[in-house]
Amino acid sequence: MAGADDAASATAFDPRPLLEGLPGLPGVYRMVDAAGAVLYVGKARDLKKRVASYFNKGVGPRTAHMLARVAHIETTVTRSEAEALLLENNLIKALAPRYNILFRDDKSYPYLKFSAHPFPRISYYRGGLDRKAQFFGPFPNAWAVKDSIRELQKVFRLRTCEDTVFNHRARPCLLHQIQRCSAPCVKLIDEATYVQDVDRAVRFLRGQTDEVMAELEARMHAYASELKFEQAAAVRDQLGSLSRVLHQQSVEQSNARGVDVDADIIAAVMQGGQSCVNLAMVRGGRHLGDKAYFPSRAEDVGDPVEVMEAFLTQHYVELPPPAVLVVNADIDTAAWQALFAETGHAVQILRHPQTQRRRWLEMAESNASLALARRLAEEGSQQARTQSLIDVLGLEPEGGDPARLRVECFDVSHTMGEATQASCVVYCNHAMQPKEYRRFNIEGVEAGDDYAAMRQVVSRRYASVARGEGLMPSLVLIDGGPGQVAVAREVFEELALDVSLIVGVAKGEQRKVGLEELVFPDGRPPRVLGRDSQALMLIALIRDEAHRFAITGMRARRAKVRNTSQVEDLEGIGPKRRQKLLARFGGLRGLRAASVEDIEQVEGVSRKLAERIHAQLHGMQNPSDDVAK
């Protein structure tokens with residue numbers, strides 16, 4: 001362990017003048033190097049004590065390494081520690097300091113939504129929450145939401161169709177036939193009864209399953225006593241479905257009084273110099289699943305407490321915590337409970353849980369260990385693939401470090417020449433780098449001319465590099481054969497770039513995976529590496545990602561062009577009316593599903609114009625035109 005004296009001797013920074021002037025108030029401090037870059041951001045209940053702690057006691061090697069680079073320390077006083085927490089999180093996200101543990105900013109969790117409608121719809125939802133609808137969650141992943149929706153359909157038979165479909169149904173859909181929907185769209189269930197089913201579904205999600213079961217049983221007996229045997233049988237089937245769902249979930253009580261309505265179980269584990277935090281979510285007493293987080297810049301951290309506190313800071317600042325947090329690290333629970341209370345959330349934090357909560361924590365720890373072991377194995381495999389690619393092609397990554405091998409891959413996608421779009425994906429540090437992906441809309445070339453499209457995208461990507469701006473990759477992959485490679489070579493020669501960096505990936509015989517042929521522009525003969533080659537596995541992974549990225553972009557552009565074109569081609573519709581129509585029906589799909597009467601309700605649309613719009617959207621002759629003729 002390196003001590004404070006070691007750190008102080010490694011830097012010319014003298015903390016004493018700063019410490020003398022620091023107040024004993026809450027706030028945020030920033031460690032800054034000589035170039036003005038922020039090295040670390042931290043919060044403190046007492047700025048004077050916290051900053052002084054770096055210089056008056058032994059620190060670990062990671063902290064000593066940071067202190068050796070500190071030129072000065074900046075501080076900001078806040079009114080409370082809760083404000084300091086908010087400011088710290090904002091600064092970490094904005095500055096990404098080198099010595100802070102960083103978790104990916106993923107606040108967009110999925111929810112289950114009950115829409116604001118006389119016959120509410122249940123649906124998967126991701127985004128900002130509003131007060132009109134009811135939301136349940138968050139859920140750890142999309143699968144958990146969709147699984148809950150399937151369960152609610154089995155038991156309560158609630159609708160999942162969009163309002164535009166619901167408003168225009170003439171007969172029940174397939175979901176009613178397989179007993180997954182009560183068909184409110186065609187009035188096979190009245191509004192009051194449907195709302196009762198929605199209320200029971202809400203209480204089921206809140207963990208009030210015993211009340212729902214008792215209520216359904218009483219309702220079944222009431223129908224039977226009134227000799228309404230068909231209705232009694234339907235409720236009996238509901239009870240059976242609910243019993244099977246509860247049996248599959250195996251909900252266990254955490255104590256004699258009931259289950260945790262809402263709780264998060266958080267386990268931090270460390271292995272092989274890396275960390276993993278597993279977050280398991282319990283909502284309404286039901287364990288919904290878990291999600292693994294892998295922090296960056298935590299390689300030299302030896303204390304799971306630091307990892308846990310970094311997660312709590314960055315995860316719960318904007319996302320409200322549940323009533324109970326169960327953790328496996330020895331954090332100061334009283335301090336964190338007080339901190340959450342200041343932000344308006346009363347939270348109980350448990351370090352040593354009992355009974356069911358303990359089993360949940362053990363399961364979270366086990367899943368964290370498994371996820372970390374899997375990640376370490378995958379990283380080892382990916383590193384081997386990177387090294388194999390370097391050896392096979394004789395590449396020279398920057399500084400000789402395989403992790404700094406940068407590969408860029410290009411692909412062109414279109415549909416019969418329509419909406420041509422090219423993609424550029426990036427592989428570096430033994431992984432794909434989605435933040436550096438780029439799409440290029442190809443303009444001014446003949447439809448279907450892949451060579452001209454490839455020329456345009458390569459020129460646009462590397463023209464700035466030729467001017468001394470931007471990064472030049474170690475390898476440029478072209479998804480294509482000799483023709484595309486020849487085009488890329490011409491561009492490189494015009495820009496005075498090294499053509500030996502270009503490699504084409506041509507599809508093999510009968511387009512079979514593993515038989516791809518590598519094409520070179522510098523006179524080297526083509527090479528077939530074989531399906532067992534680790535280098536080819538990596539090339540195929542990068543090529544397939546470029547293909548996927550290009551196709552998704554092309555399809556989105558094509559749909560936008562087609563939809564915009566069809567709406568803009570409507571006769572007698574200007575920009576304002578077009579906007580009102582699309583806003584009223586939620587887009588082109590809803591407008592197509594609308595009847596003449598529905599379209600007529602839009603402000604500024606007469607009956608005659610509504611008939612014309614409906615006819616044009618469905619490729620029919622307008623009846624009014626027949627009369628005019």
Legend entry - Arg455 and Glu490: CA distance, side-chain angles, deciding distance, salt bridge (charged side-chain N to carboxylate O under 4.0 Å, His left out) verdict: CA-CA 8 Å; Arg455 178 186 297 279; Glu490 291 174 5; 2.4 Å; yes
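Between the Thr313 side chain and the Glu309 main chain, a donor and an acceptor come within less than 3.5 Å of each other. Side chain of Asn429 to main chain of Ala431: no donor-acceptor pair is present (N/O by atom type, distance under 3.5 Å, no hydrogens or angles). With Gln314 contributing its side chain and Phe103 its backbone, the two residues share a donor-acceptor pair below 3.5 Å.
Residues meeting the side-chain contact (heavy atoms from CB on, under 4.5 Å) test with Asn328, sequence neighbours left out: Ala267, Ala268, Met308, Leu361, Glu365. Residues forming a side-chain hydrogen bond (donor to acceptor under 3.5 Å, both in side chains) with Asp544 (at least two apart in sequence, or on another chain): none. Every residue two or more places apart in sequence or in another chain was checked for a salt bridge (charged side-chain N to carboxylate O under 4.0 Å, His left out) with Arg121, and none qualifies. Phe135 is linked by a ring pair (Phe, Tyr, Trp, His ring centres under 6.0 Å) to Tyr125, counting only residues two or more places apart in sequence or in another chain. By the side-chain contact (heavy atoms from CB on, under 4.5 Å) test, Ser423 pairs with Asp411, Ala546, Phe549, Ala550, sequence neighbours left out. Phe136 pairs by the ring pair (Phe, Tyr, Trp, His ring centres under 6.0 Å) definition with Phe114, not counting sequence neighbours. In this view, Arg460 and Gln456 satisfy the side-chain hydrogen bond (donor to acceptor under 3.5 Å, both in side chains) rule, not counting sequence neighbours. Remark: Asp391 pairs with Gln387 by the side-chain hydrogen bond (donor to acceptor under 3.5 Å, both in side chains) rule, at least two apart or across chains. Residues meeting the ring pair (Phe, Tyr, Trp, His ring centres under 6.0 Å) test with Tyr462, sequence neighbours left out: Phe410, Phe492. The ring pair (Phe, Tyr, Trp, His ring centres under 6.0 Å) search around Tyr40 returns none, not counting sequence neighbours. With sequence neighbours excluded, the residues that form a side-chain hydrogen bond (donor to acceptor under 3.5 Å, both in side chains) with Asp147 are Arg150.
Closest of all the heavy-atom pairs between Leu376 and Gln271 is CD1-O, 3.9 Å. The two atoms that bring Gly504 and Val485 nearest to each other are CA-CG2, 3.4 Å, heavy atoms only. When every heavy atom of Gln153 is checked against every heavy atom of Thr160, the shortest pair comes out as NE2-CG2, 3.5 Å. Residue Val347 comes nearest to Pro321 through the heavy atom pair CG2-CG, 3.6 Å, listed as atom of the first residue, atom of the second, then distance. Of all heavy-atom pairs spanning Val457 and Met454, the tightest one is CG1-O, 3.2 Å. For the pair Ser275 and Met270, the tightest heavy-atom approach, listed with the atom from each and the gap, is OG-CE, 3.3 Å.
Counting only N and O atoms by type, the side chains of Asp290 and Asn278 include a donor and acceptor under 3.5 Å apart. For the residue pair Thr76 / Tyr29, no side-chain donor-acceptor distance below 3.5 Å is found, with atom types taken as modelled. No hydrogens or angles considered: nothing links the side chains of Tyr437 and Arg439 as a donor-acceptor pair under 3.5 Å. There is no side-chain donor-acceptor pair under 3.5 Å between Arg543 and His547. Checking Gln421 against Asn441 by side-chain atom types alone, a donor-acceptor pair falls below 3.5 Å. Inspection of the Tyr316 and His345 side chains reveals no N or O donor paired with an N or O acceptor under 3.5 Å.
Under the side chain to side chain donor-acceptor pair (under 3.5 Å) criterion, the residue pairs touching residues 396-406 are Glu398-Arg404, Arg406-Glu408, Arg406-Glu436, with sequence neighbours excluded.
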